[in-house]
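Working notes, structure below.
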Amino acid sequence: MSKRPPDLRRPGVSRRGFLQGSSVVAGSLGLAAGEVRAAAAEPTSDTRNIEIKINGKTRNMSVEPRTTLVEALRDTLGMTGTKIGCNQGQCGACTVLLNGSRVNSCLTLAVMAEGGEVVTVEGLADPSGDLHPMQSAFARNDAFQCGYCTPGQILSAIACIDEGHAGNEAEIREYMSGNLCRCGAYPNIVAAIVQVRDSQQG
Amino acid sequence: MKNFAYTRPRSLGDATEAAGNDGAQIIAGGTTMVDLMKIGVLAPETLVDITGLGDLEGHAVGTDALQFGALARMSKVADDPAVIEAFPALSEALWKAASPQLRNAATLGGNILQRTRCPYFRDTAYAQCNKRDPGSGCAALDGGKTSHHAILGGSEACVAMYPGDFAQTLVAFDAQVMTRGPGGTRTIPFAELHLLPGDTPHVETVLEPGEIVTAITLPRIPAMANSHYLKARDRESYAFAAASAAVGVEMDGDTVRDVRIGLGGVAATPWRARAAEDALRGGPLNEETAREAGRIAFEEAVPLEGSAYKMPLGADVVAGALLTVKSRIGGE
Ligand SMILES: Cc1cc2nc3c(=O)[nH]c(=O)nc-3n(C[C@H](O)[C@H](O)[C@H](O)COP(=O)(O)OP(=O)(O)OC[C@H]3O[C@@H](n4cnc5c(N)ncnc54)[C@H](O)[C@@H]3O)c2cc1C
Ligand code: SF4
Ligand code: FES
Ligand code: FES
């Protein structure tokens, strides 16, 4: 066993890499999109044809097994409404509904969603263009600043109410904890959810 | 992420066979697997997706036992009113873990087999990690940061902490794990599933190549109904435990008839505090005995420079969980 102490400053151990390794600092992780995305895929013949129903439309695509659902949405289909923040299940920017449940599309392999149904932020407004009530509530309550986390927040917020976890503000905060907002729009996000919940009950 | 072949078997027999091949690994919810593949810690040649085995998705709360299929999702089990009533600590251990999105994807089988969050294990820029690369050394013990490492059950080769929450309830309440492997089916006491690191920290469980966890069962005992999972963490929600305790108590008048204590955030494997349980059994449960049980639970702890805080914190968590349960019983 080597007795050489690890040199924390040696090149190759980036601060970012270290932060990613340590789960307890997840909250301080920024939303540095793209930085940690997989290096450009080398060409391979091992692709698979999959079919996923996305926002009500059946879509066929050819993906590698390692393609994540968010990569399939953004890169293969050009649907960039779904965002990539941490790319590690920690921030919720990539939240979509898969078969009715909110999941992190950065930790979902596209091949594993084969035959499933996905809802992204692009699928929320109705065909005439009217916003989903949660989208309107976010706008009304200023529930965002830069907007980067917003698509994920909105899908998560819709699921939070559907799951029955929007009983009071403390419960909403607990059940929205998988969506980080670097701009700190949390109070307004909670307010938007309360408004939609109340209007649905009324 | 390195590319890999992908297969989604439709039968348990096919899955076992596929998973037993060299270079194959099982994927269920994928929240550990995809994460570790992305950061280069794991690079399977073949991923065997077991989510096509629909028979393993259910769970049931019976009068004698609780049964959970390996593919039951964390969120579904945590929210089931029957589970909340029969065994509150188990529901709490599930909903206090990870995030709603992760809990919708993650399965109970994958949960118990999740890998350590040791930052050096997770960062391949560090050459030293006996768990990732047997014989390479341990960056944590060799001058690294040890604030999130085990103070119970560690070895000179590895002090990685078992990070999960759910497993504490299983180890304390005598759960069993059903498996199907190349050699057929078997039942493993949960307490024997995980192995202490010793000289071989890369071998984490007794599971054989290709062996698939199919179900988890728990005998229903009175202490379950009066149980609580207390989790101390750096943030209010969505963080791994700094120290946690799953406790359950059965009283006979003023005397403790049965008590269970599982510890998390502090040990190399899901940990049962048997000496602390023994100290409480047959005596009263009050502030003094609860604190003493907390102290005993950490009597054999070996704190490292960065993790010494876990000893008093862990003792407080044990005492706090016991007193919460006691106050609930008192309120009946
Ligand atoms: C950001 C983040 C925060 C988290 N916070 C917490 C937390 O606070 N508390 C907590 O407890 N957990 C936490 N987790 C861990 C999470 O709970 C686990 O990743 C999840 O439970 C694993 O389940 P899965 O189905 O996704 O497993 P997978 O990723 O599919 O598999 C995990 C492991 O189990 C093996 N496996 C899976 N199913 C079987 C089976 N049936 N038989 C044999 N082997 C199998 C796989 O080969 C793999 O080694 C967190 C994870 C992330 C990403
Ligand atoms: S504690 Fe274990 S997992 Fe962490 S660096 Fe040391 S050997 Fe690796
Ligand atoms: S991008 Fe952060 S959770 Fe998926
Ligand atoms: S991250 Fe900017 S609005 Fe949430």
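Values in this document were obtained by computation on a predicted structure and should not be read as measured data.
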- Message: Within the 4.5 Å heavy-atom criterion, are A:E64 and B:Y6 side-chain neighbours or not?
- Response: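 In short, these two side chains do not touch, never coming nearer than 4.5 Å.
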
Using 0.5 Å steps for rounding, measure from the [atom1] atom of [X] to the [atom2] atom of [Y].
X      : Y      : atom1 : atom2 : value
A:Q88  : B:I39  : CD    : CD1   : 5.5 Å
A:L107 : B:Q101 : CG    : CD    : 10.5 Å
A:E163 : B:R103 : CD    : CZ    : 8.5 Å

Would you find a donor on one side and an acceptor on the other, under 3.5 Å apart, between the side chain of [X] and the backbone of [Y]?
X      : Y      : answer
A:R66  : B:M1   : yes
B:N104 : A:R102 : yes
B:K38  : A:N87  : yes
B:R8   : A:V111 : no

- What option among A:A159, A:C106, A:G92 has the most heavy-atom pairs under 4.5 Å with chain B?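 Of the candidates given, the most pairs with chain B belong to A:C106.
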
- Contact winner vs chain B - A:T108, A:L98, A:L109, heavy-atom pairs under 4.5 Å: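 Looking at each of A:T108, A:L98, A:L109 in turn, A:L109 comes out on top.
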
- Between B:D79, B:T51, B:L47, B:V41, which residue shows the highest count of heavy-atom pairs closer than 4.5 Å to chain A?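 Result: the option with the highest number of such pairs is B:D79.
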
- Query: By a 4.5 Å heavy-atom criterion (distance strictly below it), what part of A:T67 contacts chain B: side chain, backbone, both, or neither?
  - Reply: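 Answer is neither: A:T67 stays 4.5 Å or more from chain B.
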
- Query: Which bit of B:D49 is near chain A, if near means a heavy-atom gap under 4.5 Å: side chain, backbone, both or neither?
  - Reply: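 The side chain, not the backbone.
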
